[in-house]
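Notes to accompany the following structure.
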Amino acid sequence: MIRLGVNIDHVATVRQARRASEPDPAAAAVLALLSGADGITVHLREDRRHIQERDVRLLRQVVTNRLNLELAAVDSIVALACEIRPEEATLVPERREELTTEGGLDVVVHQKIVAAAMKRLLDAGIEVSLFLDPDDRQIEIAKVLGARAVEIQTARYSEARGSERVKQLNLLKEAADFARQRGLHVHMGHGLNYDNVHDIVRIPGVEELNIGHSIVSRAVLVGMERAVREMKALL
Ligand code: PXP
């Protein structure tokens, strides 16, 4: 069975819209876990637009199975990750102007910075995953750098329609295969929903999906427990 990491960033987005104290991502995490989530994923962005440092500290107390912290390879956030010690850290690229993470981390271009961040995380006993485009060159470097896993980004697949979607799905299959052959654990995420996840779960070797926006969107209408249970049933 594929692990479901529920990304609860957008619970915090609703809270931050009013700079209020609710809804609390920690409460959402508890409900998600009670409903079968295999882990909780959050992205502590440099601009703190949704998840705050306080949330990550609280989540560390609440999430007893798998806390996956997405972060940019930035000194202060890497230091915080090493202190809080999630089970997993996923390195992602970050640009302030973007609406959401727009593509994979370019580990070919940023190899040195990524290697330095990875060393600190690994020394702190944290598993490292790298969020990458479905590109063999990127996956090869991830292996060289000593990553345990790669999270292959599914954004382009999720946005594509018709024959382009088939093409993007094939790229994901090939990338998953390439990563597995190199002994990397294969995760996927970004833009996945209750509809487009069907083809993703059929890709051999995918071990973990990190899904946020679609689950939180459904949770607003039907409740977190049902939203998580319904996604879990598809995996
Ligand atoms: N995986 C990574 C690395 C991400 O950056 C995000 C978005 O924060 C997700 C998964 C979840 O994406 P979505 O909210 O579109 O499901």
Side-chain angles (χ1 to χ4, degrees), residues 2-14 16 25 28-29 32 37-52 55-56 59 66-74 77 81 86 88-96 98-107 114 117 121 127-134 138-139 142 147-160 168 172 175-176 179 185-198 200-201 206-220 224 227-228 230-232 234-235:
I2 300 175
R3 282 197 305 270
L4 172 62
V6 176
N7 179 315
I8 53 172
D9 289 351
H10 295 307
V11 173
T13 301
V14 175
Q16 295 310 112
D38 301 291
I40 297 294
T41 298
V42 288
H43 184 178
L44 184 67
R45 296 185 70 106
E46 255 195 299
D47 64 12
R48 304 291 198 270
R49 69 173 70 158
H50 38 53
I51 292 294
Q52 308 295 309
D55 299 327
V56 187
L59 287 166
R66 249 179 115 72
L67 180 62
N68 173 19
L69 180 64
E70 296 175 2
L71 74 164
V74 169
I77 304 197
E88 181 173 22
T90 303
L91 287 170
V92 300
E94 211 174 278
R95 285 195 303 116
R96 278 177 188 253
E98 70 192 359
L99 270 181
T100 178
T101 314
E102 282 169 357
L105 184 63
D106 190 336
V107 289
V114 173
L121 294 164
E127 292 173 10
V128 177
S129 173
L130 300 176
F131 183 59
L132 304 178
D133 289 339
Q138 299 288 339
I139 295 167
R148 178 182 179 278
V150 287
E151 181 171 331
I152 303 171
Q153 69 98 348
T154 51
R156 278 201 286 278
Y157 158 78
S158 304
E159 286 156 15
Q168 292 296 334
L172 293 174
H185 294 269
V186 177
H187 306 167
M188 289 193 186
H190 214 286
L192 298 178
N193 60 35
Y194 295 79
D195 176 38
N196 66 22
V197 79
H198 289 281
I200 297 295
V201 300
V206 176
E207 292 175 52
E208 175 181 307
L209 297 181
N210 287 298
I211 308 181
H213 187 264
S214 65
I215 293 178
V216 173
S217 301
R218 186 166 290 207
V220 168
M224 183 57 89
V228 171
E230 288 178 0
M231 183 58 83
K232 196 55 195 160
L234 300 175
L235 269 52

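In what follows, residues are counted from 1 in the order of the sequence shown. Numbering of ligands and ligand atoms starts at 1, following listing order. This structure is a prediction, so every number in the text was calculated from the model and none was measured.
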Task: Validation row: Gln16, Gln52 side chains within 4.5 angstrom (heavy atoms) - done: yes
Task: Asn7 vs Glu70 side-chain heavy atoms within contact, under 4.5 Å - done: yes
Open item on the list: If only side-chain N and O atoms count, and only distance matters, is there a donor-acceptor pair under 3.5 Å linking Glu127 with His185?
Closed with: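 No, Glu127 and His185 have no side-chain donor paired with an acceptor closer than 3.5 Å.
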Open item on the list: Quick one, Asn210 with Glu208, criterion side-chain hydrogen bond (donor to acceptor under 3.5 Å, both in side chains). Give me CA distance, side-chain angles, the key distance, then yes/no.
Closed with: CA-CA 7 Å; Asn210 287 298; Glu208 175 181 307; 3.0 Å; yes
Can you sort out which atoms of ligand 1 are near [X], meaning under 4.0 Å from one of its heavy atoms?
X: Ile211; result: 16 (O)
X: Asp9; result: 8 (O)
X: Asn210; result: 10 (C), 11 (C)
X: Val92; result: 3 (C)

TODO: Only heavy atoms count here, so choose which of His43, Glu70, Glu208, Met188 is nearest to atom 5 (O) of ligand 1.
DONE: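 Among His43, Glu70, Glu208, Met188, the closest heavy atom to atom 5 (O) of ligand 1 belongs to Glu70.
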- [ ] Please report the closest heavy-atom contact between Ala37 and Val228, naming both atoms and the distance.
- [x]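 Minimum heavy-atom separation between Ala37 and Val228: N-CG1, 3.8 Å.
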Quick check: [X] and ligand 1, any N/O pair under 3.5 Å apart?
X: Glu151; answer: yes
X: His213; answer: yes
X: Gly189; answer: no
X: Gly191; answer: yes

Task: Spatial distance of atom CG (Asp133) from atom OG1 (Thr154) [nearest 0.5 Å] - done: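 The distance works out to 11.0 Å.
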Open item on the list: Please work out, at 4.0 Å between heavy atoms, whether the side chain, the backbone, both, or neither of Ile215 comes within that distance of ligand 1.
Closed with: neither
Task: Salt bridge Lys232-Asp38, side-chain N to carboxylate O under 4.0 Å - done: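 Salt bridge present between Lys232 and Asp38.
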